Structures are given as structure tokens and as C-alpha cells.
Amino acid sequence: NGVMMEMFQMKRQLNELTQAESVEAFRASAKNFIEVSEKAQATMPASLDGDQSRFVGYQKGMQEVIDVVKQADSLAEQGKLDEAKALTEKLNDLRKQYHKEYK
Ligand code: HEM
């Protein structure tokens, strides 16, 4: 099982965030993104092979991602769509950083 399905959903939501043309569209994608990343956070990835101590680090990484999406959502809520979108670049940095470590 693992987190493959969640990861592909996160990829889709990230595309939607960067392409959102309205606050409403951005916030809807952010909500979906948070939901699916919380699911991923609760699930042991196959690549970790049951290693509980690495799972703790993995979960912290996923929390960083969730926090950035929440921050971006709150910018969108204030009508700052461009700033919200700019912040999603951080998600790609986190993706690269944590994939190196856990994928
Ligand atoms: C932030 C946006 C992220 C996106 C869009 C994303 C997307 C993906 C995708 C598409 C895959 C499968 C294809 C591939 O191997 O490249 C994948 C795999 C994986 N990702 Fe992510 N990821 C993200 C963040 C993270 C973070 C923060 C972590 C860890 C804290 C993580 C951990 C993993 C792991 C462990 C796998 C391999 C799963 C397995 O082999 O079962 N990802 N990710």
C-alpha cells in the first residue's frame, strides 16, 4: 500500500494550486491538498521498510508541507492570491529535500 496514491494526488493538487485563477479555486485545492497530505502523514511509506525512527522524521517533513499550505491558504483568504501562489514554490523545495531523504 504505502503512500503512492496520496503522493500522486498531492502532485495533482500542487498543479492546481499553481494554476488557480481565483481565491476560491486556490482555497478548494489547498483544502484537498491538506486532506491528502494528512493521510500521507499518517501512513508508513513502503520505502521506509517499517523503520519507526525514520517514520518520525518523515512525519515532520510532511508537517512542514502542511504548514506551508495552511500559510498559503490564509494569504489567499486575505485576497493575496499572487503571494499565496508564490509560497507554493516552497512546496517544490520541500518535495525535493524530503524525497532525497525518504523516497
Ligand atoms: C510537497 C509536494 C510533494 C509532491 C507533489 C510529491 C509527489 C510524489 C510523487 C509523484 C511520488 C511518486 C513518484 C516518484 O517517485 O516521484 C512520490 C513519492 C514519494 N514521496 Fe512525495 N511528494 C511531495 C512531498 C513529499 C514529502 C514532504 C515527503 C516526505 C516527508 C515525501 C515522501 C515520499 C516518499 C517516501 C515517496 C515514495 C513512496 C513509496 O515508495 O512508496 N513526499 N512523491
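Both ligands and their constituent atoms are indexed starting at 1 by order of listing. Just so you know, these numbers come straight off a predicted model, no measurement behind them.
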At less than 4.0 angstrom from any non-hydrogen atom of [X], what atoms of ligand 1 do you find?
{"X": "Y98", "value": "26 (C), 27 (C), 28 (C), 29 (C), 30 (C)"}
{"X": "A46", "value": "41 (O)"}
{"X": "S47", "value": "35 (C), 40 (O)"}
{"X": "Y102", "value": "35 (C)"}
{"X": "Y58", "value": "29 (C), 30 (C), 32 (C)"}
{"X": "L91", "value": "1 (C)"}
{"X": "V3", "value": "38 (C)"}
{"X": "F8", "value": "10 (C), 12 (C), 13 (C)"}

> Is it true that some N/O/S atom of M7, main chain or side chain, lies under 2.8 Å from atom 21 (Fe) of ligand 1?
Replying inline: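 A backbone or side-chain N, O or S atom of M7 is under 2.8 Å from atom 21 (Fe) of ligand 1.
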
Tell me, do [X] and [Y] make a side-chain contact under 4.5 Å, heavy atoms counted?
{"X": "Y98", "Y": "E64", "answer": "yes"}
{"X": "K31", "Y": "E35", "answer": "yes"}
{"X": "L17", "Y": "L91", "answer": "yes"}
{"X": "Q41", "Y": "E6", "answer": "no"}
{"X": "Y102", "Y": "P45", "answer": "no"}
{"X": "R12", "Y": "F8", "answer": "no"}

> Where on P45 is there a heavy atom closer than 4.0 Å to ligand 1, on the side chain, on the backbone, on both, or on neither?
Replying inline: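 Near ligand 1, P45 shows its side chain, while the N, CA, C and O stay back.
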
>> Heavy-atom pairs closer than 4.0 Å: do any link ligand 1 to the side chain of E64, the backbone, both, or neither?
In response: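 No part of E64 comes within reach of ligand 1.
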
Nearest 0.5 Å, what's the [atom1]-[atom2] distance between [X] and [Y]?
{"X": "L87", "Y": "K80", "atom1": "CG", "atom2": "NZ", "answer": "12.0 Å"}
{"X": "L48", "Y": "E101", "atom1": "CG", "atom2": "CD", "answer": "9.5 Å"}
{"X": "T43", "Y": "Y58", "atom1": "OG1", "atom2": "OH", "answer": "6.5 Å"}
{"X": "L94", "Y": "M62", "atom1": "CG", "atom2": "CE", "answer": "10.0 Å"}

> With only distance considered, is K103 within less than 3.5 Å of ligand 1 through an N or O on each side?
Replying inline: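 The answer is yes, given that K103 and ligand 1 share an N or O pair closer than 3.5 Å.
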
Of all the non-hydrogen atoms in the protein, which one sits nearest to [atom], and at what distance?
{"atom": "atom 25 (C) of ligand 1", "value": "H99 NE2, 3.7 Å"}
{"atom": "atom 12 (C) of ligand 1", "value": "M4 SD, 3.5 Å"}
{"atom": "atom 28 (C) of ligand 1", "value": "M62 CE, 3.6 Å"}
{"atom": "atom 27 (C) of ligand 1", "value": "V65 CG2, 3.5 Å"}
{"atom": "atom 4 (C) of ligand 1", "value": "R95 CD, 3.4 Å"}

> Considering the options K90, E89, K96, R95, which one meets the side-chain hydrogen bond (donor to acceptor under 3.5 Å, both in side chains) requirement together with N92?
Replying inline: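 That would be R95; it is the only one of K90, E89, K96, R95 passing the side-chain hydrogen bond (donor to acceptor under 3.5 Å, both in side chains) with N92.
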
